[in-house]
Amino acid sequence: MTVTASAGLDIRALLTDGSHLIGPDWVPAVSGETIDVTNPATQEILLRVPRGGAADVDAAVQAAAAAFPAWRDTSPAVRAELLTAWAGLCREHGTELSTLESLEVGHPYWGPSPVARTLTFVAGMADKVTGQTLPSAQPDVLGMTIREPYGVCGCIIPWNVPGPIMVTDVAPAIATGNTVVVKPAEDAPLTCLLLAKLALEAGIPPGVINVVTGYGPEAGAALPAHPMVRRMGFTGSPETGTKIMEACAANLVPLHMELGGKAPQIVLADADLDRAIPAIVGSITLNTGQVCAAGSRVLVGRDRQAELVERVAGAFGRVRVGPWHEDVQMGPLISAKQEARVLGYLGIGQQEGARLVTGGHKLTGGAYDKGFFVEPTIFDEVRPDMRIAQEEIFGPVLSVLSYSDEEEALAIANGTRYGLNACIWTRDIGRAVRLARGVQAGSVTINGFGSRGVIGAPWGGYKHSGFGRTMSAESILDFTQLKTVVINA
Ligand code: NAI
Ligand code: MG
């Protein structure tokens, strides 16, 4: 494959330099200040975006509030058609969307963006939101429930997979008649801006989707603090999640949160390692480990530990690392901040006494010197109380822990503050069922990683991984409030 770093994408032709979207207008920040968005493989500047703050958020919320009554009263069938039109444009521009995300996040090219499929799924739900008729105690009374939108919803998006996460939050919100203000991450806001542009082109009315770019403590903090925001959605770190929840508490606003994980992959004695090993490697090198679902802890019985570690280490050695446009499996980390975080954990793991099997360093020399590249790393003989076994690293760092029996495996699996997802590798259906029930996680996969092959699987966490479920057919109902109507004849 010979593509240039930009893959021929003219970002300035797609997006206006220094502008975000408020109502119908692409405008600079009120302050006039901008943030440079860079390619993490080269540190080249891709585009500048506004450094929005409270005034910009206020303008966006006002635009969303102004658009709300007409959008609420738009036929759900028309909203479905508009979401379908947006899906169509996202399919048409699937390569551009994916390329832009690769450029700003640094991940390899994964093929055309999957957002069109999510939009099509949600569009199919838009005109199927129903209430109930209620049993009545008297023949002259009719009771029913109807589902209504909240109004202006705020969505704060992280930088790791901005396109899919934005659509996962925005599509069900607008399908049910809400309007939204999106605050993308400062490190990767461009895909979100392009998605919003395509939404406008698809005919979704101005003001239904607004995007304010800026830093977390400025634009981000202003969004849940705004008194006209009626519902929030957040994906990111638990620490920031707490701040957002505090702001929501002050305004008594409901929210859903997806806050990452420390997913256990429980490998039982009868596991098919030929299947498990590629999945384990993929689960922690995907997006350079910067995935909430990353399979960052392997739990293995002592009798198979040496074999598993040797085989995973061999596979790690074959992972091709480099800039996204080359034939690679793993790109750089997103930023200097994330690189410092990951390198910090590589040091902590060694200080804690875990055995470094492979990796452990920043990659240097040639093209590596320009970006935030680190080696895929395995720590063996990790104890459950070590920080590398407890904390979300958000890098390509795998911790291998051993257990002596199923009960201990479950205790280790459940022994972190997180509970997003888990994988169980076994041929024994009975043990698979027992462990699937015993694991504290919002999603469990037997003999695989993730929910590939399933359509509309609910996604979300237990414990500090958050609450609320996205992606499923029911998630659309979370963006509605239930009203009881009683008619006395
Ligand atoms: P973060 O949680 O601070 O950032 C996520 C989003 O929240 C960004 O849009 C950011 O601008 C915004 N934000 C930050 N501070 C805010 C505030 N005070 N009020 C409102 N919005 C605010 O995460 P960060 O610093 O980028 O990454 C740190 C760690 O968080 C990662 O290493 C990873 O462990 C975790 N994380 C988890 C993600 C997930 O998918 N669950 C995604 C991104 C980060
Ligand atoms: Mg960047």
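In each ligand, atom 1 is the first atom listed, and ligand 1 is the first ligand listed. Along the sequence shown, the residues carry numbers beginning at 1. As the structure is a computational prediction, the values presented were derived from the model and not from experiment.
Side-chain contact check for D36 and T38: no donor-acceptor pair (N or O, by modelled atom type) lies under 3.5 Å. Counted by atom type alone, Q265 and S283 present one or more donor-acceptor pairs between their side chains at under 3.5 Å. Side-chain contact check for S296 and E392: no donor-acceptor pair (N or O, by modelled atom type) lies under 3.5 Å.
Checked by distance only, ligand 1 and S237 come closer than 3.5 Å through their nitrogen or oxygen atoms. Taking only nitrogen or oxygen atoms, main chain and side chain alike, K243 does not reach within less than 3.5 Å of ligand 1. Considering backbone and side-chain atoms alike, T235 places every N or O at 3.5 Å or more from each N or O of ligand 1.
Heavy-atom proximity to A221, at under 4.0 Å, picks out these atoms of ligand 1: 19 (N), 20 (C). Atom numbering of ligand 1 starts at 1 in the shown order; those under 4.0 Å from a heavy atom of I156 are 6 (C), 7 (O), 9 (O), 12 (C), 20 (C), 21 (N). Of all atoms in ligand 1, listed by their number and element, those nearer than 4.0 Å to a heavy atom of P158 are 42 (C), 43 (C). For ligand 1 and I157, the ligand atoms under 4.0 Å from any heavy atom of the residue are 6 (C), 8 (C), 9 (O). Within the listing of ligand 1, atoms 39 (C), 40 (O), 41 (N) sit less than 4.0 angstrom from a heavy atom of C292. For ligand 1, the atoms sitting less than 4.0 Å from at least one non-hydrogen atom of E258 are 41 (N), numbered in the order shown with element in parentheses. Short contacts between ligand 1 and G220, defined as distances under 4.0 Å to a heavy atom of the residue, involve ligand atoms 19 (N), 20 (C), 21 (N). Listed by atom number, the atoms of ligand 1 under 4.0 Å from E186 heavy atoms are 10 (C), 11 (O).
Shortest contact from atom 28 (C) of ligand 1 to any protein heavy atom: Q338 OE1, 3.8 Å. The protein heavy-atom contact nearest to atom 41 (N) of ligand 1 is G260 N, 3.1 Å. Looking only at heavy atoms of the protein, atom 26 (O) of ligand 1 is closest to W159 NE1, 2.6 Å. Of all protein heavy atoms, the one closest to atom 34 (O) of ligand 1 is E392 OE1, 2.6 Å. Scanning all protein heavy atoms for the shortest distance to atom 38 (C) of ligand 1 gives F394 CZ, 3.5 Å. The single protein non-hydrogen atom nearest to atom 29 (C) of ligand 1 is R341 NH1, 3.8 Å, given as residue, atom name and distance.
In this structure, the side chains of V298 and V312 stay at 4.5 Å or more apart for every pair of heavy atoms. Side-chain contact between I174 and F479: absent, with no pair of heavy atoms (C-beta onward) separated by less than 4.5 Å. Counting only heavy atoms from C-beta outward, the side chains of I11 and L103 approach each other to under 4.5 Å.
Contacts of D187 with ligand 1, taken as heavy-atom pairs under 4.0 Å, are absent altogether. Contact annotation: for A247 versus ligand 1, there are no heavy atoms closer than 4.0 Å.
Closest to atom 22 (C) of ligand 1 by heavy atom, among G216, P184, A225, is G216. In this structure, of V182, I244, T240, the residue bringing a heavy atom nearest to atom 16 (C) of ligand 1 is T240.
For the atom pair I22 CD1 and N210 CG, the distance stands at 7.0 Å (nearest 0.5 Å). To the nearest 0.5 angstrom, N160 atom CG is 8.5 Å from I334 atom CD1.
Ring geometry for F394 against W159 counts as perpendicular: the plane angle is over 60°, on a 0 to 90° scale with 30° as the lower cut.
Within a 4.0 Å radius of atom 4 (O) of ligand 1, the protein contributes no heavy atom.
Counted within 6.0 Å of CZ on R91, heavy atoms from surrounding residues, nucleotides or ligands total more than 12; the atom is thus considered enclosed. Within a 6.0 Å radius of NZ in K362, more than 12 heavy atoms belonging to other residues, nucleotides or ligands are found. Atom CE of M245 has 12 or fewer heavy atoms from other residues, nucleotides or ligands within 6.0 Å.
Each of T358, L346, L363 was checked for a side chain to side chain contact (heavy atoms under 4.5 Å, CB included) with E375, and the lone residue meeting it is L363.
Classification of R51 and E218 as a salt-bridged pair holds, one side-chain N sitting under 4.0 Å from a carboxylate O.
The closest approach between K337 and ligand 1 falls below 4.0 Å for a heavy atom of the residue.
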